[in-house]
Novice: 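Take a look at this one; I'll ask things after.
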Amino acid sequence: QDSIENFSAKIRAGKQAQLSDDFMIIARIESLILERGMEDALMRAFAFCGAGADGIMIHSRKKEPKEILEFCDRFRERDKSTPLVVVPTSFNTVTEEELVEHGVNIVIYANQLMRAAVPAMKNAAEEILRYHRAQEIDTKLIPFKEIITMIDEL
């Protein structure tokens with residue numbers, strides 16, 4: 001985790017180079033993961049907002065969402081509008097509704113889909129290796145035509 005001064009300078013430089021409002025700088029804060037405490041996390045969040053960050057992403061590795069919710073509540077006491085982003089990989093018991101109640105605007109499920117796909121890919125690869133062909137896995141696969149349809153819908 002960079003110093004507040006250096007990271008703030010990077011945010012300011014990014015904002016100066018910004019060409020469009022469609023581009024946002026979200027400041028990621030690792031204080032809770034690094035066990036530097038709530039005060040460090042909040043100090044960074046307010047400093048980064050002051051430097052021009054368009055949003056704050058707060059992380060925690062704890063299984064319970066308590067410290068994330070505390071951070072959000074305390075942040076919202078001083079800042080009602082800056083978007084808050086969370087990535088509930090470890091504290092996965094919390095619902096989006098609960099997060100919104102504490103001022104969260106964006107929830108990112110960063111790796112759940114990939115983690116769900118890996119066992120399916122591993123099983124498919126094992127069957128292909130076992131039978132030296134793909135026919136045995138056809139019933140477990142989405143039809144290619146459906147994939148093309150999904151792409152068209154996006």
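What's counted below: heavy atoms across the whole structure, side chains too, no hydrogens, waters or symmetry copies. Being a predicted model, the structure only gives us computed values, none of them experimental.
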Novice: Can you pull out every salt bridge (Lys or Arg N to Asp or Glu O under 4.0 Å) where at least one residue sits in residues 94-118? Sequence neighbours excluded, please.
Specialist: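 Matches after skipping sequence neighbours: none remain.
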Novice: Can R78 be said to sit on top of F46's aromatic six-ring, NZ or CZ under 6.0 Å from centre and within 45° of the ring axis?
Specialist: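 Yes, R78 and F46 form such a contact.
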Novice: Rounded to the nearest 0.5 Å, how far apart are CZ of R44 and OG of S3?
Specialist: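 Answer for the CZ-OG pair, R44 versus S3, is 7.5 Å.
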Novice: Which distance, rounded to the nearest 0.5 Å, do you find between the NZ of K10 and the CG of D2?
Specialist: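 K10 atom NZ to D2 atom CG measures 4.0 Å (nearest 0.5 Å).
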Novice: Answer yes or no: is there a side-chain heavy-atom contact under 4.5 Å between E127 and Y131?
Specialist: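 Yes. Closest side-chain heavy atoms under 4.5 Å.
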Novice: Can you tell me how far apart CZ (F91) and CZ (R61) are? Round to the nearest 0.5 Å.
Specialist: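 Answer rounded to 0.5 Å: 13.5 Å.
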Novice: Answer yes or no: is there a donor N or O on one side and an acceptor on the other, between the side chain of N111 and the main chain of M114, under 3.5 Å?
Specialist: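 It does not hold such a pair.
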Novice: So H59 and T89, do their side chains get closer than 4.5 Å, heavy atoms only?
Specialist: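 They are not in side-chain contact.
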Novice: Backbone N or O of K62 within a donor-acceptor pair of the S90 side chain at under 3.5 Å?
Specialist: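 Checked: pair present.
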Novice: With a cutoff of under 4.5 Å between side-chain heavy atoms, which Ile, Leu, Val, Met, Phe, Trp and Tyr residues group with I108?
Specialist: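 Grouped by the 4.5 Å side-chain rule, M24, I26, M57, V85, V87, I106 form the rest of the cluster around I108.
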Novice: Under a 4.0 Å N-O cut-off, is there an ion pair linking E70 with R74?
Specialist: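 Judged by the 4.0 Å cut-off on N to carboxylate O distance, E70 and R74 do form a salt bridge.
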Novice: Any sub-3.5 Å donor-acceptor pair from K80's side-chain atoms to R76's backbone N or O?
Specialist: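 Yes; at least one donor-acceptor contact below 3.5 Å.
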Novice: Is Y109 reachable from L69 through a run of hydrophobic residues whose side-chain heavy atoms are each under 4.5 Å from the next?
Specialist: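 The answer is yes; both residues are in one hydrophobic cluster.
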Novice: Considering only heavy atoms from C-beta outward, does the side chain of M43 approach that of M38 to under 4.5 Å?
Specialist: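 A side-chain contact is absent here, since even the closest heavy-atom pair is not under 4.5 Å.
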Novice: Kindly give the heavy-atom pair with the smallest separation between C72 and V104, and that separation in Å.
Specialist: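 Minimum heavy-atom separation between C72 and V104: SG-CG2, 3.6 Å.
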Novice: Does Q18 reach the main-chain N or O of S20 with its side chain, forming a donor-acceptor pair under 3.5 Å?
Specialist: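 Yes; judged by distance alone, with no hydrogens or angles, the pair exists.
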Novice: Could you give me the CA-CA distance, side-chain angles and deciding distance for I33 and S31, then say whether side-chain contact (heavy atoms from CB on, under 4.5 Å) is met?
Specialist: CA-CA 6 Å; I33 287 180; S31 301; over 6 Å; no
Novice: Counting C-beta onward and ignoring hydrogens, is there a side-chain heavy-atom pair between S81 and D79 closer than 4.5 Å?
Specialist: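 Yes - at least one pair of side-chain heavy atoms lies under 4.5 Å apart.
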Novice: Does E30 use its side chain to pair, donor to acceptor, with the backbone of Q1 at less than 3.5 Å?
Specialist: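 No.
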Novice: Measure the spacing between CD1 of I68 and CG of L99 and express it to the nearest 0.5 Å.
Specialist: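 Here the rounded value is 8.5 Å.
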Novice: Do any N or O atoms from the side chain of N105 and from the backbone of L84 form a donor-acceptor pair under 3.5 angstrom?
Specialist: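 It does hold such a pair.
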Novice: Roughly how far apart are T93 OG1 and E64 CD, rounded to 0.5 Å?
Specialist: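 The distance works out to 5.0 Å.
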Novice: CG of L113: more than 12 outside heavy atoms within 6.0 angstrom?
Specialist: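 Not more than 12 within 6.0 Å, no.
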Novice: For atom CG of D21, decide whether the heavy atoms of other residues, nucleotides or ligands shown that lie under 6.0 angstrom number more than 12.
Specialist: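 Not more than 12 within 6.0 Å, no.
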Novice: Mind checking whether F48 and D54 have side chains closer than 4.5 Å, heavy atoms only?
Specialist: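 In short, these two side chains do not touch, never coming nearer than 4.5 Å.
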Novice: Closest heavy-atom contact between I56 and A45?
Specialist: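 Closest approach of I56 to A45: CD1-O, 3.6 Å.
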